[in-house]
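To start, the structure itself, in structure tokens.
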Amino acid sequence: MNKPLIFDTSVWIDYAKRKETPQTLLLTYYLKNDFETPLVPVVAQELLQGIRDDAQHKKMKDILSWHTRLEIAPMATAMGASALFRSLRKKGITIRKSNDCVIAFYALSFDLEIVHNDSDFELISNHSELKTWKNN
């Protein structure tokens with residue numbers, strides 16, 4: 001059985017747009033085979049808030065409802081993500097979107113890899129214990 005993977009918003013958006021990338025092909029494979037794709041709350045928020053059409057919004061909400069939801073108390077998430085952001089900043093690394101630190105904090109907390117199409121995650125993984133999926 002394949003290991004659970006967190007798919008970042010960037011991959012879900014490409015998937016919804018039917019863009020064919022190694023990451024979306026992996027997501028398609030995971031979804032078709034019912035492999036675990038745990039969902040981070042902020043990924044669900046980012047994805048759903050970008051959908052303008054009500055029917056598409058409902059369809060995506062239905063799709064997301066089937067996924068395992070990773071949950072950490074909001075204050076613990078804020079403290080952990082900010083500590084990650086600050087540790088990177090001390091190394092001279094500035095993450096453009098603070099939500100990426102939230103997603104990375106979840107991945108670190110649950111010891112899961114992130115599949116993404118976002119350079120911030122590579123910066124985070126190069127300077128922390130974060131694991132990102134590599135297309136080999």
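- Taking 4.5 Å as the limit, some side-chain heavy atom of I114 sits within range of a side-chain heavy atom of L130.
- Here OG of S125 is found 10.0 Å from CD of E113. Values are rounded to the nearest 0.5 Å.
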Side-chain donor-acceptor pairs under 3.5 Å in residues 74-85, sequence neighbours left out?
| residue | atom | partner | partner atom | Å |
| --- | --- | --- | --- | --- |
| T77 | OG1 | I72 | O | 3.4 |
| T77 | OG1 | A73 | O | 3.1 |
| S82 | OG | A78 | O | 2.9 |
| S82 | OG | M79 | O | 3.0 |

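- Residues satisfying the side-chain contact (heavy atoms from CB on, under 4.5 Å) test with L123, not counting sequence neighbours, are I93, I95, D120.
- For the atom pair CD1 of I13 and OG1 of T24, the computed distance is 12.5 Å after rounding to the nearest 0.5 Å.
- If you check the side chains of N99 and E46, you find a donor sitting under 3.5 Å from an acceptor.
- The two residues S10 and N117 make their nearest non-hydrogen contact at OG-N, 2.9 Å.
- Between L26 and L5, some side-chain heavy-atom pair lies under the 4.5 Å cut-off.
- For residues 99-132, every residue pair satisfying the ring-ring contact (aromatic ring centres under 6.0 Å, His included) rule, not counting sequence neighbours, is listed here: H116-F121.
- Note on L47 and I63: same hydrophobic cluster, where clusters join Ile, Leu, Val, Met, Phe, Trp and Tyr whose side-chain heavy atoms are under 4.5 Å apart, directly or indirectly.
- Using a 4.5 Å heavy-atom threshold, the side chains of K90 and S87 count as separate.
- Between atom OG1 of residue T28 and atom CZ of residue R18 there is a gap of 10.0 Å, rounded to the nearest 0.5 Å.
- Between D111 and K131 the shortest side-chain heavy-atom distance falls below 4.5 Å.
- In this structure, the side chains of D14 and L27 stay at 4.5 Å or more apart for every pair of heavy atoms.
- Checked against salt bridge (Lys or Arg N to Asp or Glu O under 4.0 Å), K58 has the following partners two or more places apart in sequence or in another chain: D62.
- Under a hydrophobic clustering in which Ile, Leu, Val, Met, Phe, Trp and Tyr are joined whenever their side-chain heavy atoms come within less than 4.5 Å, directly or via other members, Y29 and V11 fall into the same cluster.
- Here the side chains of T94 and R89 are in contact, with some heavy-atom distance below 4.5 Å.
- Separating the CG atom in L88 from the SG atom in C101 is a distance of 6.0 Å, to the nearest 0.5 Å.
- Rounding to the nearest 0.5 Å places CD of E36 at 4.0 Å from OG1 of T68.
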request  = Test side-chain contact (heavy atoms from CB on, under 4.5 Å) on L70 and L112 and set out the steps.
outcome  = CA-CA 11 Å; L70 299 179; L112 296 171; 4.0 Å; yes
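- The neighbour count for K59 NZ, taken as heavy atoms of other residues, nucleotides or ligands under 6.0 Å away, does not exceed 12.
- A donor atom on one side chain and an acceptor atom on the other are not found under 3.5 Å apart for N2 and N33.
- Rounded to the nearest 0.5 angstrom, D118 CG and R96 CZ are separated by 5.5 Å.
- Sorted by first then second residue, the ring-ring contact (aromatic ring centres under 6.0 Å, His included) pairs that include residues 41-78, not counting sequence neighbours, are W12-H67.
- Y15 is not listed as a side-chain neighbour of F7, based on a closest heavy-atom distance of 4.5 Å or more.
- In this structure Q56 satisfies the side-chain contact (heavy atoms from CB on, under 4.5 Å) test together with I51, D53, sequence neighbours excluded.
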